[in-house]
Amino acid sequence: MADYSSQTFLNEEIRLPHTNFKIGVVTALWNSEITSKLKQGALDTLQKAGITNITVWDVPGSYELIYGANKLASEGFDAVICLGVVIQGETRHFDFICDAVANGIANVTIQHNIPVAFGLLTTENQQQAVERSGGKHGHKGEEAAWTILKLLERA
Ligand code: DLZ
């Protein structure tokens, strides 16, 4: 069975056809102490791969990632990385946001036929988010960027 643990999978070599891709990194400002780490990890990963044409766009909350991704996709970007953190609260807001973002981003990737990364942490608490933004459960910002690079091998 394939090993999907972060390390094994992220070490796989990326062979891009070129490095002139125009990539958008859209990041939610809600929970910015964590989303800023996700963004930095994504940017570092893209830069290590030689990508220089990167547009960074901070949007208010994760719900707005849908608009951000759709706007950049309609402007001709080759790929978009969406980053956000939604922490479960006492109301059903969590479910509505997570469902909307998952469906919204899926629609963008299908309608514009470009890779769009779903770098959305959906956690029960802040600690779980910390552990996934450079802690013991890896770095989901780096993974989101790696995912995009892997898909751009076929672009
Ligand atoms: C309103 C809201 C809440 C309660 N929680 C979060 C969250 O945990 N993470 C996040 O990124 N955004 C949250 N938001 C804001 C919404 O994503 C959105 O910005 C507002 O509902 C306005 O459209």
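Just so you know, ligand 1 is whichever comes first in the structure, and atom 1 is the first atom listed for that ligand. Computed over heavy atoms, backbone and side chain alike; hydrogens, waters and symmetry mates excluded. Just so you know, residue 1 is the first one in the sequence shown, and it goes up from there.
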Sequence-distant partners of D58, side chain to side chain donor-acceptor pair (under 3.5 Å), two or more places apart: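 Side chain to side chain donor-acceptor pair (under 3.5 Å) check on D58 returns K39.
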Pairs flagged by ring pair (Phe, Tyr, Trp, His ring centres under 6.0 Å) wherever residues 20-40 is involved - sequence neighbours left out: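 Pairs touching residues 20-40 that pass the test: H18-F21.
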Of all pairs that satisfy ring pair (Phe, Tyr, Trp, His ring centres under 6.0 Å), the ones with a partner from residues 74-102, not counting sequence neighbours: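 The answer is none; no pair qualifies.
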Ionic contact status for E75 with K22, cut-off 4.0 Å: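 Salt bridge flag = no for E75 with K22.
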SB check K140 E142 (cutoff 4.0 Å):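 Looking at E142 together with K140, the answer is no, because their closest N to O distance does not fall below 4.0 Å.
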Residue shell around ligand 1, heavy atom under 4.0 angstrom: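 W30, N31, G61, S62, Y63, E64, V85, V86, I87, H93, I97.
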Straight-line distance of N20 CG to D78 CG, nearest 0.5 Å: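 N20 CG to D78 CG: 9.0 Å, rounded to 0.5 Å.
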